[in-house]
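We're numbering straight along the sequence, starting at 1. Atom set for the values below is all heavy atoms of this structure, side chains included, hydrogens, waters and symmetry mates excluded.
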Amino acid sequence: MSEIIMCENKTANHSRTNLEIVRSTYEGSPNDLIGALSKQVEWTESAGYPYGGTYHKVEAIVEHVFNRLSSEWIDFKPTVSVYHEVKGKDTVIVEGTYSGTYKQTGKAFQADFVHVFELKNQKIVKFKQYVDSHIIQQAMIV
């Protein structure tokens with residue numbers, strides 16, 4: 001059993017499970033996600049997705065994905081429906097729904113997603129997104 005220390009209504013856990021680490025990236029602040037990433041992370045957004053491609057290193061992900069999401073969308077958010085921890089592997093799979101409104105068109109959308117995380121030494125080393133990018137692209141068309 002790992003040691004858990006309670007601090008200001010947050011749980012600090014010196015030996016968190018991979019599932020707890022990934023869950024904290026959705027339930028916490030953007031800094032929780034940034035802090036969970038390995039410095040050498042490989043981050044892949046789906047082909048056809050507005051920010052599609054593979055990014056290496058935290059700075060590239062922030063610049064090409066997160067800064068754009070926050071500047072181009074109103075209330076863009078992932079809502080998780082279920083987490084799956086793959087036994088015997090350092091892999092966590094997340095199912096959920098993206099939602100938001102594209103600023104330039106005023107169109108809202110909802111699209112299902114699956115995220116696959118690989119972790120090593122309690123850091124996310126690989127992320128891969130699966131999403132119906134057509135639904136999101138439709139929200140971006142005037």
Side-chain angles (χ1 to χ4, degrees), residues 2 4-142:
S2 61
I4 298 175
I5 302 168
M6 301 300 288
C7 303
E8 300 178 343
N9 286 337
K10 292 190 177 184
T11 303
N13 188 339
H14 297 289
S15 183
R16 298 187 301 167
T17 67
N18 289 335
L19 181 63
E20 290 169 331
I21 292 166
V22 170
R23 183 185 302 264
S24 75
T25 68
Y26 291 93
E27 296 175 357
S29 73
N31 288 333
D32 291 321
L33 173 57
I34 300 303
L37 298 176
S38 163
K39 292 180 183 191
Q40 302 301 317
V41 65
E42 178 181 299
W43 187 278
T44 302
E45 299 278 320
S46 293
Y49 187 68
Y51 317 112
T54 299
Y55 305 98
H56 299 274
K57 300 193 178 178
V58 175
E59 298 78 13
I61 299 163
V62 169
E63 178 183 348
H64 297 289
V65 180
F66 299 123
N67 286 348
R68 291 185 65 194
L69 286 170
S70 66
S71 68
E72 297 174 13
W73 295 87
I74 299 166
D75 296 327
F76 185 95
K77 67 179 178 180
T79 301
V80 174
S81 56
V82 66
Y83 296 90
H84 305 274
E85 188 167 25
V86 181
K87 292 191 185 225
K89 303 272 185 186
D90 290 327
T91 303
V92 176
I93 300 168
V94 180
E95 296 179 57
T97 305
Y98 288 133
S99 61
T101 302
Y102 194 60
K103 286 181 180 179
Q104 289 184 357
T105 64
K107 292 181 184 177
F109 82 98
Q110 282 193 314
D112 292 337
F113 71 77
V114 172
H115 293 163
V116 180
F117 292 88
E118 291 181 27
L119 294 92
K120 184 176 181 181
N121 299 322
Q122 297 196 313
K123 290 288 188 181
I124 297 166
V125 295
K126 192 171 186 180
F127 166 88
K128 186 154 187 177
Q129 172 201 59
Y130 298 90
V131 64
D132 185 346
S133 58
H134 179 75
I135 293 172
I136 298 167
Q137 289 174 355
Q138 291 300 108
M140 299 173 79
I141 295 173
V142 179

Check your understanding: Do Leu119 and Ile124 come close enough that some side-chain heavy atom pair is under 4.5 Å?
Key -> yes
Check your understanding: Would a 4.5 Å heavy-atom cut-off, applied to side chains only, mark Arg23 and Ile21 as touching?
Key -> no
Check your understanding: Is the closest side-chain heavy-atom distance between Val62 and Asn67 below 4.5 Å?
Key -> yes
Review point. Hey, does Phe113 have a side-chain heavy atom less than 4.5 Å from the side chain of Ile136?
Key: no
Exercise for review: Kindly check if the number of other-residue, nucleotide or ligand heavy atoms within 6.0 Å of NZ (Lys103) is above 12?
Suggested key: yes
Check your understanding: Side chains of Tyr51 and Glu72: do they bring a donor and an acceptor to under 3.5 Å?
Key -> yes
Check your understanding: Does the ring center of Phe76 lie less than 6.0 Å from the ring center of Tyr98?
Key -> yes
Practice item. State which residues pass ring-ring contact (aromatic ring centres under 6.0 Å, His included) with Phe127; sequence neighbours excluded, sorted by chain then number. Key: Trp43, His115, Phe117
Review point. Side chains of Glu45 and Tyr55: does their closest heavy-atom pair fall under 4.5 Å?
Key: yes
Practice item. Just jot down the side chain to side chain contact (heavy atoms under 4.5 Å, CB included) partners of Glu59, sequence neighbours excluded, or say none. Key: Lys57
Practice item. Dump the intermediate steps for side-chain hydrogen bond (donor to acceptor under 3.5 Å, both in side chains) on Thr79 and Thr97, then the final yes or no. Key: CA-CA 5 Å; Thr79 301; Thr97 305; over 6 Å; no
Point to revise | Side-chain donor/acceptor of Glu20 to backbone N/O of Thr17, under 3.5 Å | key: yes
Point to revise | Side chain proximity check, Val58 to Lys39, heavy atoms < 4.5 angstrom | key: no
Exercise for review: Say whether, by atom type as modelled, one donor and one acceptor occur between the side chain of Gln122 and the main chain of Arg16 under 3.5 angstrom.
Suggested key: yes
Revision key, fill the gap. The side chain to side chain contact (heavy atoms under 4.5 Å, CB included) partners of Val82 (sequence neighbours excluded) come to His84, Glu95
Check your understanding: Got a donor-acceptor contact below 3.5 angstrom from the Thr105 side chain to the Met140 backbone?
Key -> no
Point to revise | Any donor-acceptor N/O pair, Lys128 side chain to Val114 backbone, under 3.5 Å | key: no
Practice item. Please report the closest heavy-atom contact between Leu37 and Lys123, naming both atoms and the distance. Key: O-CD, 3.9 Å
Review point. Between the side chains of Ser133 and Ser46, does any donor sit under 3.5 Å from an acceptor?
Key: no
Practice item. State, with a plain yes or no, whether a side-chain heavy atom of Thr101 is found less than 4.5 Å away from one of Asp75. Key: no
Review point. Just wondering, do Val92 and Val86 contact through their side chains at under 4.5 Å, heavy atoms?
Key: no
